[in-house]
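In what follows, a single structure is set out as structure tokens and then discussed.
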Amino acid sequence: MLTEEQYLALERAAEFKSEFLDGEMFARSSVSIQHAELQTNILCELHEALRGTRCEPLGSDLRVRVSSRMYTYPDVSVLCGKPLLADDCQDVLLNPIVIVEIVSPSTESYDRGPKLKHYRTIASLQDYILVNQSEIRIEQYTRQENNLWILRDYQTLDEELAIKSIGVSLPLGRIYDRVEFPAS
């Protein structure tokens, strides 16, 4: 069992990224072409949509501290305003407003279960978005008053992912542009 401090020391010296949950480090696995295309599309669309605003999209190289029990590297996160960073190393974000995870068959239960449970404890987080890489499907969990979360499920290319917390709508056709699903 590692402490939070031990994890950060090991992680900052490592050549590859690992996430941290309940005292254990988990190496991040490689991604599929669909995952990489979706991440690029989402980052590009958010970058363009947020140009000139106080919000900015960030890729998976920036670590997010969910709690002393969990550190992750979300596929995409959005920061609005001044970043709150954990320490002088400036490599741990504390205040994302939106987190996007691209779901693969191997990560689906983790992204929907433990990750969702932990992410909902981030006070600044308003939207948690799961983007499926195997089919056209986006699930958006949005925080309401009294810490109630509602789910919106998108399943067609003519829909738009409305992220009101940052004032943007992204067409699913643009998110899934060039993404080819493997034959079943």
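Computed from a prediction, not measured in an experiment: that's the story for all the values here.
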_Counting only heavy atoms not in Arg51 (residues, nucleotides, ligands), do more than 12 fall under 6.0 Å from its CZ?_
yes

*asked:* Nearest 0.5 Å, please: how far is CG in Asp153 from CZ in Arg137?
replied: 4.0 Å

*Just by distance, do the side chain of Gln133 and the backbone of Ile102 share a donor-acceptor pair under 3.5 Å?*
no

*How are the rings of Tyr128 and Tyr119 set relative to one another: parallel (under 30°), tilted (30 to 60°) or perpendicular (over 60°)?*
perpendicular

*Salt bridge check: are Asp61 and Lys17 linked by an N-O gap of less than 4.0 Å?*
yes

*Show the numbers, then the answer: is there a side chain to side chain contact (heavy atoms under 4.5 Å, CB included) between Met25 and Gln6?*
CA-CA 10 Å; Met25 287 178 71; Gln6 290 169 324; over 6 Å; no

*Any chance you could lay out the salt bridge (Lys or Arg N to Asp or Glu O under 4.0 Å) test for Lys115 and Glu19, step after step, and finish with the verdict?*
CA-CA 11 Å; Lys115 243 185 193 177; Glu19 295 191 351; 3.7 Å; yes

*To the nearest 0.5 Å, what is the distance between CD (Gln34) and CD (Gln39)?*
13.5 Å

_Contact check, side chains of Ile99 and Thr72, non-hydrogen atoms, under 4.5 Å_ = no

*Would a distance-only check, ignoring hydrogens and angles, find a side-chain to backbone donor-acceptor pair under 3.5 Å from Thr107 to Val103?*
no

*If Ile, Leu, Val, Met, Phe, Trp and Tyr residues are connected whenever their side-chain heavy atoms lie under 4.5 Å apart, and connections chain through other members, are Leu157 and Val131 in the same group?*
yes

*Check whether Met70 and Leu58 end up in the same hydrophobic cluster, where Ile, Leu, Val, Met, Phe, Trp and Tyr are linked by side-chain heavy atoms less than 4.5 Å apart.*
yes

*About how many Å separate OG of Ser68 and CZ of Phe20, when rounded to the nearest 0.5 Å?*
8.0 Å

*Please confirm whether the backbone N or O of Glu45 pairs with a side-chain atom of Arg174, one donor and one acceptor, at under 3.5 Å?*
no

_Could you check whether any side-chain N or O of Asn41 sits under 3.5 Å from a backbone N or O of Ile175, counting only pairs where one atom can act as donor and the other as acceptor?_
yes

_Derivation of the side chain to side chain contact (heavy atoms under 4.5 Å, CB included) call for Thr142 and Lys164_ = CA-CA 9 Å; Thr142 302; Lys164 292 180 182 175; over 6 Å; no

*asked:* To check you understand the geometry: which heavy-atom pair defines the closest contact between Ser109 and Pro114, and what is its length?
replied: O-CD, 3.7 Å

_Taking every non-hydrogen atom, the tightest pair across Glu159 and Thr156_ = OE1-N, 2.9 Å

*With a 4.5 Å heavy-atom cut-off, do Val168 and Thr53 have their side chains touching?*
no

*Are any side-chain N or O atoms of Asn95 and backbone N or O atoms of Ser124, one a donor and one an acceptor, separated by less than 3.5 Å?*
no

_So does Leu125 get a backbone contact from the side chain of Arg143, meaning a donor-acceptor N/O pair under 3.5 Å?_
yes

*Any idea which heavy atoms bring Trp149 and Gln126 closest together, and the distance?*
CZ3-O, 3.8 Å

*asked:* For a side chain to side chain contact (heavy atoms under 4.5 Å, CB included) check, start with the C-alpha distance between Val31 and Asp75, then their side-chain angles and the critical distance, and finish with the verdict.
replied: CA-CA 11 Å; Val31 299; Asp75 293 316; 5.6 Å; no

*asked:* Counting C-beta onward and ignoring hydrogens, is there a side-chain heavy-atom pair between Arg28 and Ser60 closer than 4.5 Å?
replied: yes

*Mark yes or no for whether Tyr71, through its side chain, and Val92, through its backbone, hold a donor-acceptor pair below 3.5 Å.*
no

*How many angstroms lie between CD1 in Ile138 and CG in Leu170, if you round to the nearest 0.5 Å?*
8.0 Å

_With rounding to the nearest 0.5 angstrom, report the CD1 to CD distance, Ile150 to Gln140._
8.0 Å

*Counting only N and O atoms by type, is there a donor-acceptor contact under 3.5 Å from the side chain of Asp87 to the main-chain atoms of Cys89?*
yes

*Backbone N or O of Pro171 within a donor-acceptor pair of the Tyr176 side chain at under 3.5 Å?*
no

*asked:* Membership question, hydrophobic clusters at under 4.5 Å side-chain separation (ILVMFWY): are Val64 and Leu130 in the same one?
replied: yes

*Can you name the nearest heavy-atom pair linking Val98 to Ile166, along with the distance?*
CG2-CG2, 4.0 Å

*Check Thr121 against Lys117 and note the closest heavy-atom contact, atom names and distance.*
CG2-O, 3.7 Å

_Do Ile42 and Tyr73 sit in one hydrophobic cluster, given that two such residues count as connected whenever their side-chain heavy atoms are within less than 4.5 Å of each other, even indirectly?_
no

*Under a 4.5 Å cut-off applied to non-hydrogen side-chain atoms, are Ile33 and Glu180 in contact?*
no

*When you look at Glu56 and Leu50, which way does the side chain to side chain contact (heavy atoms under 4.5 Å, CB included) test go after all the steps?*
CA-CA 6 Å; Glu56 64 179 306; Leu50 295 171; 5.8 Å; no

*Euclidean distance, Leu84 CG relative to Leu93 CG, rounded to 0.5 Å*: 7.5 Å

_Joint cluster assignment, Leu2 & Phe26, ILVMFWY side-chain distance < 4.5 Å_ = no

*Which pair of heavy atoms, one from Tyr154 and one from Leu172, lies closest together, and at what distance?*
CB-CD2, 3.7 Å

